[in-house]
Novice: 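The structure follows.
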Number of protein chains: 2
Amino acid sequence: MLAGEGCPFNILAMKDALEALEGRWKLLIMLSLSMGNKRFKQISKEVYGITDKMLSKELKALEMNKLIKREVFDTFPPTVEYSITPHGKSLDKLLHELYNWGQEHRNIIMEKDKIAS
Amino acid sequence: MLAGEGCPFNILAMKDALEALEGRWKLLIMLSLSMGNKRFKQISKEVYGITDKMLSKELKALEMNKLIKREVFDTFPPTVEYSITPHGKSLDKLLHELYNWGQEHRNIIMEKDKIAS
DNA sequence: TGCGTTACTATCTTTCCGGATAGTGCTATC
DNA sequence: GATAGCACTATCCGGAAAGATAGTAACGCA
(Lines give C-alpha, C1' and ligand atoms only; values in the text may rest on other atoms or scores of the structure.)
Protein backbone atom coordinates (compact mmCIF):
# COMPACT_ATOMS: atom_id res chain seq x y z
CA MET A 1 0.00 0.00 0.00
CA LEU A 2 2.62 2.50 1.06
CA ALA A 3 5.20 0.83 -1.09
CA GLY A 4 3.34 1.84 -4.20
CA GLU A 5 1.78 -1.45 -5.14
CA GLY A 6 -1.42 0.05 -6.42
CA CYS A 7 -3.54 -1.98 -4.06
CA PRO A 8 -7.30 -1.26 -4.09
CA PHE A 9 -7.39 1.04 -1.21
CA ASN A 10 -10.09 1.42 1.37
CA ILE A 11 -8.86 3.58 4.19
CA LEU A 12 -12.17 3.46 5.99
CA ALA A 13 -11.79 -0.24 6.69
CA MET A 14 -8.36 0.40 8.17
CA LYS A 15 -9.67 3.23 10.28
CA ASP A 16 -12.44 0.97 11.55
CA ALA A 17 -9.88 -1.60 12.56
CA LEU A 18 -7.72 0.96 14.34
CA GLU A 19 -10.68 2.54 16.06
CA ALA A 20 -11.92 -0.82 17.29
CA LEU A 21 -8.76 -1.10 19.36
CA GLU A 22 -7.54 2.38 20.03
CA GLY A 23 -7.25 4.11 23.34
CA ARG A 24 -5.79 3.23 26.67
CA TRP A 25 -8.02 0.41 27.74
CA LYS A 26 -9.45 -1.77 24.97
CA LEU A 27 -6.46 -4.02 24.46
CA LEU A 28 -6.07 -4.51 28.19
CA ILE A 29 -9.72 -5.43 28.54
CA MET A 30 -9.50 -7.89 25.65
CA LEU A 31 -6.41 -9.40 27.22
CA SER A 32 -8.19 -9.82 30.51
CA LEU A 33 -11.10 -11.57 28.80
CA SER A 34 -8.79 -13.72 26.72
CA MET A 35 -7.94 -15.52 29.93
CA GLY A 36 -11.57 -16.40 30.52
CA ASN A 37 -15.07 -14.99 30.80
CA LYS A 38 -15.32 -12.35 33.45
CA ARG A 39 -17.67 -10.20 35.47
CA PHE A 40 -17.48 -6.44 35.56
CA LYS A 41 -15.68 -6.27 38.87
CA GLN A 42 -13.16 -8.90 37.90
CA ILE A 43 -12.14 -6.94 34.85
CA SER A 44 -12.05 -3.78 36.90
CA LYS A 45 -9.60 -5.42 39.26
CA GLU A 46 -7.41 -6.88 36.55
CA VAL A 47 -7.18 -3.76 34.46
CA TYR A 48 -5.24 -1.64 36.89
CA GLY A 49 -6.16 2.00 37.05
CA ILE A 50 -9.41 1.95 35.16
CA THR A 51 -12.48 3.63 36.69
CA ASP A 52 -15.87 1.99 36.63
CA LYS A 53 -17.00 4.73 34.34
CA MET A 54 -14.30 4.11 31.79
CA LEU A 55 -14.70 0.37 32.03
CA SER A 56 -18.40 0.65 31.41
CA LYS A 57 -17.80 2.91 28.43
CA GLU A 58 -15.13 0.74 26.88
CA LEU A 59 -17.11 -2.44 27.37
CA LYS A 60 -20.02 -0.82 25.59
CA ALA A 61 -17.83 0.13 22.65
CA LEU A 62 -16.36 -3.37 22.43
CA GLU A 63 -19.85 -4.82 22.56
CA MET A 64 -21.12 -2.46 19.89
CA ASN A 65 -18.31 -3.67 17.68
CA LYS A 66 -19.32 -7.25 18.44
CA LEU A 67 -15.90 -8.05 19.84
CA ILE A 68 -17.34 -9.11 23.18
CA LYS A 69 -20.61 -10.52 24.42
CA ARG A 70 -22.43 -9.28 27.50
CA GLU A 71 -24.62 -11.80 29.25
CA VAL A 72 -26.94 -10.83 32.11
CA PHE A 73 -27.80 -13.45 34.72
CA ASP A 74 -31.00 -13.49 36.70
CA THR A 75 -29.29 -13.45 40.06
CA PHE A 76 -29.44 -11.15 42.99
CA PRO A 77 -27.54 -8.92 42.90
CA PRO A 78 -27.74 -9.10 39.12
CA THR A 79 -24.51 -10.25 37.56
CA VAL A 80 -23.16 -9.63 34.13
CA GLU A 81 -20.59 -11.75 32.38
CA TYR A 82 -18.41 -10.67 29.50
CA SER A 83 -16.73 -12.91 26.96
CA ILE A 84 -14.90 -12.57 23.68
CA THR A 85 -16.95 -13.34 20.58
CA PRO A 86 -15.66 -15.33 17.60
CA HIS A 87 -15.43 -12.03 15.79
CA GLY A 88 -13.33 -10.70 18.66
CA LYS A 89 -11.11 -13.74 18.36
CA SER A 90 -10.69 -13.06 14.65
CA LEU A 91 -8.46 -10.19 15.75
CA ASP A 92 -5.70 -12.67 16.44
CA LYS A 93 -3.95 -12.37 13.12
CA LEU A 94 -4.08 -8.60 13.26
CA LEU A 95 -2.81 -8.59 16.82
CA HIS A 96 0.09 -10.75 15.72
CA GLU A 97 0.99 -8.23 13.09
CA LEU A 98 0.64 -5.39 15.54
CA TYR A 99 2.95 -7.27 17.88
CA ASN A 100 5.48 -8.03 15.16
CA TRP A 101 5.58 -4.53 13.80
CA GLY A 102 5.53 -3.03 17.26
CA GLN A 103 8.55 -5.11 18.29
CA GLU A 104 10.43 -4.13 15.18
CA HIS A 105 9.41 -0.56 15.74
CA ARG A 106 10.78 -0.63 19.25
CA ASN A 107 14.03 -2.05 17.95
CA ILE A 108 14.29 0.66 15.34
CA ILE A 109 13.54 3.41 17.79
CA MET A 110 15.78 2.01 20.50
CA GLU A 111 18.66 1.28 18.11
CA LYS A 112 18.72 4.79 16.80
CA ASP A 113 18.51 6.16 20.29
CA LYS A 114 21.38 3.96 21.40
CA ILE A 115 23.59 5.17 18.60
CA ALA A 116 22.72 8.75 19.39
CA SER A 117 23.69 8.36 23.03
CA MET B 1 -3.34 -14.38 21.59
CA LEU B 2 -7.01 -13.90 22.32
CA ALA B 3 -7.78 -17.43 21.32
CA GLY B 4 -5.84 -18.76 24.25
CA GLU B 5 -2.68 -19.84 22.51
CA GLY B 6 -0.40 -18.84 25.31
CA CYS B 7 1.68 -16.64 23.07
CA PRO B 8 4.48 -14.68 24.77
CA PHE B 9 2.65 -11.49 25.20
CA ASN B 10 3.96 -7.98 24.96
CA ILE B 11 1.10 -5.57 24.96
CA LEU B 12 3.39 -2.57 24.88
CA ALA B 13 4.60 -3.41 21.41
CA MET B 14 1.03 -3.62 20.21
CA LYS B 15 0.17 -0.33 21.84
CA ASP B 16 3.16 1.27 20.17
CA ALA B 17 1.96 0.03 16.82
CA LEU B 18 -1.56 1.31 17.39
CA GLU B 19 -0.34 4.64 18.67
CA ALA B 20 1.92 5.10 15.68
CA LEU B 21 -1.18 5.20 13.48
CA GLU B 22 -4.02 6.33 15.64
CA GLY B 23 -6.05 9.48 15.30
CA ARG B 24 -7.78 11.19 12.49
CA TRP B 25 -4.89 12.18 10.32
CA LYS B 26 -1.92 9.87 10.31
CA LEU B 27 -3.18 7.28 7.87
CA LEU B 28 -4.35 9.97 5.50
CA ILE B 29 -0.98 11.68 5.61
CA MET B 30 0.83 8.41 5.00
CA LEU B 31 -1.49 7.72 2.09
CA SER B 32 -0.75 11.11 0.62
CA LEU B 33 2.99 10.50 0.88
CA SER B 34 2.68 6.99 -0.52
CA MET B 35 1.89 8.60 -3.84
CA GLY B 36 5.13 10.50 -3.78
CA ASN B 37 7.31 12.85 -1.77
CA LYS B 38 5.51 16.04 -0.89
CA ARG B 39 5.86 19.49 0.55
CA PHE B 40 3.92 20.76 3.51
CA LYS B 41 1.40 22.67 1.47
CA GLN B 42 0.78 19.79 -0.91
CA ILE B 43 -0.09 17.46 1.94
CA SER B 44 -2.24 20.15 3.46
CA LYS B 45 -4.21 20.36 0.24
CA GLU B 46 -4.56 16.63 -0.23
CA VAL B 47 -5.61 15.86 3.31
CA TYR B 48 -8.93 17.61 3.27
CA GLY B 49 -9.92 19.42 6.43
CA ILE B 50 -6.63 19.40 8.26
CA THR B 51 -5.33 22.67 9.75
CA ASP B 52 -1.69 23.67 9.40
CA LYS B 53 -1.38 23.29 13.10
CA MET B 54 -2.59 19.72 13.12
CA LEU B 55 -0.57 18.83 10.04
CA SER B 56 2.58 20.17 11.65
CA LYS B 57 1.86 18.23 14.81
CA GLU B 58 1.10 14.97 13.04
CA LEU B 59 4.11 15.22 10.77
CA LYS B 60 6.29 15.69 13.82
CA ALA B 61 4.87 12.58 15.44
CA LEU B 62 5.35 10.53 12.27
CA GLU B 63 8.91 11.81 12.02
CA MET B 64 9.63 11.02 15.66
CA ASN B 65 8.49 7.49 14.97
CA LYS B 66 10.81 7.39 11.95
CA LEU B 67 7.94 6.64 9.62
CA ILE B 68 8.66 9.67 7.50
CA LYS B 69 11.70 11.76 6.66
CA ARG B 70 11.75 15.54 6.65
CA GLU B 71 14.24 17.16 4.33
CA VAL B 72 14.89 20.90 4.36
CA PHE B 73 16.09 22.56 1.18
CA ASP B 74 18.21 25.70 1.11
CA THR B 75 15.81 27.67 -1.01
CA PHE B 76 13.99 30.87 -0.50
CA PRO B 77 11.37 30.63 0.77
CA PRO B 78 12.67 27.58 2.60
CA THR B 79 11.01 24.40 1.42
CA VAL B 80 10.58 21.15 3.23
CA GLU B 81 9.95 17.81 1.63
CA TYR B 82 8.45 14.80 3.35
CA SER B 83 8.85 11.19 2.31
CA ILE B 84 8.12 7.76 3.71
CA THR B 85 11.10 5.95 5.22
CA PRO B 86 11.81 2.25 4.73
CA HIS B 87 10.57 1.76 8.28
CA GLY B 88 7.37 3.55 7.29
CA LYS B 89 7.05 1.23 4.31
CA SER B 90 7.43 -1.74 6.62
CA LEU B 91 3.93 -0.95 7.77
CA ASP B 92 2.61 -2.51 4.60
CA LYS B 93 1.96 -5.94 6.02
CA LEU B 94 0.24 -4.51 9.04
CA LEU B 95 -1.86 -2.21 6.90
CA HIS B 96 -2.92 -5.19 4.86
CA GLU B 97 -4.09 -6.93 7.98
CA LEU B 98 -5.86 -3.81 9.16
CA TYR B 99 -7.56 -3.62 5.78
CA ASN B 100 -8.54 -7.29 5.80
CA TRP B 101 -9.89 -7.27 9.31
CA GLY B 102 -11.57 -3.93 8.81
CA GLN B 103 -13.38 -5.21 5.73
CA GLU B 104 -14.51 -8.32 7.54
CA HIS B 105 -15.51 -6.18 10.48
CA ARG B 106 -17.65 -4.00 8.25
CA ASN B 107 -19.29 -7.07 6.82
CA ILE B 108 -20.04 -8.42 10.24
CA ILE B 109 -21.42 -5.15 11.50
CA MET B 110 -23.43 -4.47 8.36
CA GLU B 111 -24.78 -8.00 8.17
CA LYS B 112 -26.07 -7.96 11.66
CA ASP B 113 -27.58 -4.54 11.12
CA LYS B 114 -29.27 -5.75 7.94
CA ILE B 115 -30.82 -8.69 9.71
CA ALA B 116 -32.04 -6.44 12.48
CA SER B 117 -33.72 -4.07 10.05
C1' DT C 1 6.15 50.04 -1.25
C1' DG C 2 3.00 46.24 -1.00
C1' DC C 3 2.05 41.65 -1.57
C1' DG C 4 3.13 36.78 -1.95
C1' DT C 5 5.76 32.81 -0.59
C1' DT C 6 7.10 28.99 2.82
C1' DA C 7 6.51 26.13 6.89
C1' DC C 8 5.53 26.56 10.55
C1' DT C 9 4.20 28.83 15.63
C1' DA C 10 1.56 31.63 19.15
C1' DT C 11 -2.61 32.74 21.32
C1' DC C 12 -7.27 32.81 22.58
C1' DT C 13 -11.42 30.14 22.57
C1' DT C 14 -14.21 26.15 22.26
C1' DT C 15 -14.98 21.38 22.62
C1' DC C 16 -14.16 17.00 24.35
C1' DC C 17 -12.70 13.60 27.52
C1' DG C 18 -11.71 11.52 31.72
C1' DG C 19 -11.11 11.96 37.00
C1' DA C 20 -13.37 12.14 41.34
C1' DT C 21 -17.22 11.32 43.74
C1' DA C 22 -21.82 10.26 44.91
C1' DG C 23 -25.75 7.76 43.85
C1' DT C 24 -29.26 3.82 42.30
C1' DG C 25 -32.62 -0.15 44.00
C1' DC C 26 -33.53 -4.28 45.93
C1' DT C 27 -32.01 -8.32 48.13
C1' DA C 28 -29.01 -10.76 51.58
C1' DT C 29 -26.66 -11.00 55.82
C1' DC C 30 -25.20 -9.74 60.35
C1' DG D 1 -31.28 -1.30 61.53
C1' DA D 2 -26.82 -1.11 59.14
C1' DT D 3 -24.06 -2.64 55.68
C1' DA D 4 -22.65 -4.99 51.53
C1' DG D 5 -23.29 -6.48 46.95
C1' DC D 6 -23.85 -5.68 41.80
C1' DA D 7 -23.19 -3.05 37.52
C1' DC D 8 -23.55 0.51 36.31
C1' DT D 9 -24.95 6.08 35.93
C1' DA D 10 -25.05 11.18 37.07
C1' DT D 11 -22.71 15.34 37.95
C1' DC D 12 -19.20 18.65 38.63
C1' DC D 13 -14.72 19.92 37.43
C1' DG D 14 -10.29 20.41 35.36
C1' DG D 15 -7.14 19.27 31.86
C1' DA D 16 -6.15 18.10 27.15
C1' DA D 17 -6.93 18.63 22.43
C1' DA D 18 -8.32 21.02 18.57
C1' DG D 19 -10.48 25.16 16.09
C1' DA D 20 -9.90 29.78 14.52
C1' DT D 21 -6.97 33.26 13.61
C1' DA D 22 -2.94 36.05 13.46
C1' DG D 23 1.81 36.24 13.09
C1' DT D 24 6.97 35.31 11.65
C1' DA D 25 11.30 36.57 8.60
C1' DA D 26 13.54 37.43 4.60
C1' DC D 27 13.55 37.06 -0.14
C1' DG D 28 11.25 37.75 -4.88
C1' DC D 29 8.47 40.37 -7.83
C1' DA D 30 5.27 43.88 -9.59
Side-chain angles (χ1 to χ4, degrees), chain A residues 15 18-33 35-85 88, chain B residues 11 15-16 18-33 35-85 88:
Chain A
K15 291 194 99 172
L18 285 168
E19 275 157 26
L21 292 173
E22 84 185 346
R24 191 172 166 190
W25 305 114
K26 288 188 183 71
L27 265 181
L28 292 167
I29 292 167
M30 293 293 275
L31 174 62
S32 175
L33 290 178
M35 294 183 271
N37 300 356
K38 286 193 175 57
R39 294 198 5 221
F40 189 93
K41 193 137 195 195
Q42 280 172 295
I43 305 170
S44 173
K45 277 180 182 160
E46 278 193 22
V47 180
Y48 184 74
I50 195 167
T51 61
D52 283 359
K53 180 174 162 185
M54 286 310 299
L55 180 53
S56 177
K57 176 174 166 285
E58 297 289 280
L59 285 169
K60 267 201 181 79
L62 290 170
E63 192 191 357
M64 282 297 291
N65 270 324
K66 305 194 192 328
L67 301 181
I68 64 171
K69 178 169 113 181
R70 176 175 178 274
E71 194 166 3
V72 187
F73 292 90
D74 197 10
T75 60
F76 205 89
T79 53
V80 181
E81 187 174 279
Y82 294 90
S83 57
I84 300 185
T85 62
Chain B
I11 202 165
K15 290 193 99 170
D16 285 346
L18 285 168
E19 276 157 27
L21 293 173
E22 84 186 346
R24 191 170 166 193
W25 305 113
K26 287 186 182 72
L27 265 181
L28 292 168
I29 292 166
M30 293 292 277
L31 173 64
S32 174
L33 290 177
M35 294 183 270
N37 300 355
K38 286 193 173 60
R39 297 203 355 227
F40 188 93
K41 193 143 198 188
Q42 280 172 296
I43 306 170
S44 172
K45 277 180 183 161
E46 279 193 21
V47 181
Y48 183 74
I50 195 168
T51 60
D52 283 359
K53 180 174 163 185
M54 286 309 302
L55 180 54
S56 178
K57 174 173 168 287
E58 298 287 280
L59 285 169
K60 267 202 181 81
L62 289 170
E63 193 193 354
M64 282 298 292
N65 270 324
K66 304 192 194 327
L67 301 181
I68 65 172
K69 178 171 115 182
R70 178 175 176 274
E71 194 167 2
V72 187
F73 293 90
D74 196 12
T75 60
F76 205 86
T79 53
V80 181
E81 188 173 278
Y82 295 90
S83 58
I84 300 184
T85 61

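Values below: every heavy atom of this structure, side chains too, minus hydrogens, waters and symmetry copies. Keep in mind the model is a prediction, meaning the values are calculated, not measured. Letters go in sequence order (proteins before strands), and every chain restarts at 1.
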Novice: Please list, by residue number, the residues of residues 69-79 of chain B whose heavy atoms come closer than 4.0 Å to an atom of DNA chain C; answer none if no residue qualifies.
Specialist: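 Heavy-atom cutoff 4.0 Å gives R70(B), P77(B), P78(B).
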Novice: Taking CZ from F40(B) and P from dA7(C), how many angstroms apart are they, rounded to a whole number?
Specialist: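 That distance rounds to 7 Å.
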Novice: Calculate the interatomic distance between W25(B) atom CH2 and dA17(D) atom P; express it in whole Å.
Specialist: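 W25(B) atom CH2 is separated from dA17(D) atom P by 17 Å.
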Novice: Ignoring hydrogens and angles, tell me if any N or O in the side chain of K69(A) forms a donor-acceptor pair with the backbone of E81(A) under 3.5 Å.
Specialist: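 No.
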Novice: Using atom OH of Y48(A) as one end and atom P of dG19(C) as the other, report the distance to the nearest whole Å.
Specialist: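 From Y48(A) OH to dG19(C) P: 13 Å.
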Novice: Quickly work out the I50(A) CD1 to dC8(D) P distance and round it to whole Å.
Specialist: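 In whole Å, dC8(D) P and I50(A) CD1 are 13 Å from each other.
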Novice: How close do T85(B) and K66(B) get, heavy atom to heavy atom, and via which atoms?
Specialist: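 That would be OG1-O, 2.6 Å.
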Novice: Using atom CD of Q42(B) as one end and atom C1' of dT6(C) as the other, report the distance to the nearest whole Å.
Specialist: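 Going from Q42(B) (CD) to dT6(C) (C1'), I get 12 Å.
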Novice: Looking at E63(B) and I68(B), what are the two nearest heavy atoms and their distance?
Specialist: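 Scanning both residues, the minimum pair turns out to be N-CG1, 3.6 Å.
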Novice: At their closest point, which heavy atom of G23(B) faces which heavy atom of K15(A), and how far apart are they?
Specialist: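 Reported closest heavy-atom pair: O-CE, 4.3 Å.
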Novice: Determine whether M30(B) and L67(B) make a side-chain contact, defined as any pair of heavy atoms from C-beta on separated by less than 4.5 Å.
Specialist: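 They are in side-chain contact.
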Novice: Give the nucleotide from the list dG19(D), dA18(D), dT6(C) with an atom nearest to the side chain of T51(B).
Specialist: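 Shortest atom-to-atom distance from the side chain points to dG19(D).
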Novice: Would one find more than 12 heavy atoms of other residues, nucleotides or ligands at under 6.0 Å from atom OH of Y48(A)?
Specialist: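 Counting neighbours around OH of Y48(A), 12 or fewer heavy atoms of other residues, nucleotides or ligands fall under 6.0 Å, so no.
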Novice: Would you say dT9(D) has OP1 or OP2 under 4.0 Å from some side-chain N or O of K60(A)?
Specialist: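 Yes.
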Novice: On DNA chain C, check which nucleotide each of D52(A) and G49(A) is closest to and give me the residue with the more 5' one.
Specialist: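 The residue whose closest nucleotide sits nearer the 5' end is G49(A).
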Novice: Go through the structure and list residues passing side chain to side chain contact (heavy atoms under 4.5 Å, CB included) with V47(A), not counting sequence neighbours.
Specialist: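 So V47(A) forms a side chain to side chain contact (heavy atoms under 4.5 Å, CB included) with W25(A), L28(A), I29(A), S32(A), I43(A), I50(A).
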Novice: S56(B) side chain N/O closer than 4.0 Å to the phosphate oxygens (OP1, OP2) of dT9(C)?
Specialist: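 Result: yes.
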Novice: So does R24(A) get a side-chain nitrogen or oxygen closer than 4.0 Å to the phosphate oxygens (OP1/OP2) of dA16(D)?
Specialist: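 Result: no.
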Novice: Does K41(A) put a side-chain nitrogen or oxygen below 4.0 Å from OP1 or OP2 of dA4(D)?
Specialist: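 For dA4(D), OP1/OP2 do not have a side-chain N/O of K41(A) under 4.0 Å.
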Novice: How many whole angstroms separate atom CG of L55(A) from atom C1' of dG19(C)?
Specialist: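 Value for this atom pair: 15 Å.
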Novice: Between K57(B) (NZ) and dA10(C) (P), how many Å, whole number?
Specialist: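 The distance from NZ of K57(B) to P of dA10(C) comes to 15 Å, rounded to the nearest Å.
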Novice: Under 4.0 Å: is that the gap between some side-chain N or O of K53(A) and OP1 or OP2 of dG18(C)?
Specialist: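 Checking dG18(C) against K53(A), no side-chain N or O comes under 4.0 Å of OP1 or OP2.
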Novice: Starting from P on dC17(C), measure out to CE on M54(A) and report it in whole angstrom.
Specialist: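 So the two atoms are 10 Å apart, to the nearest Å.
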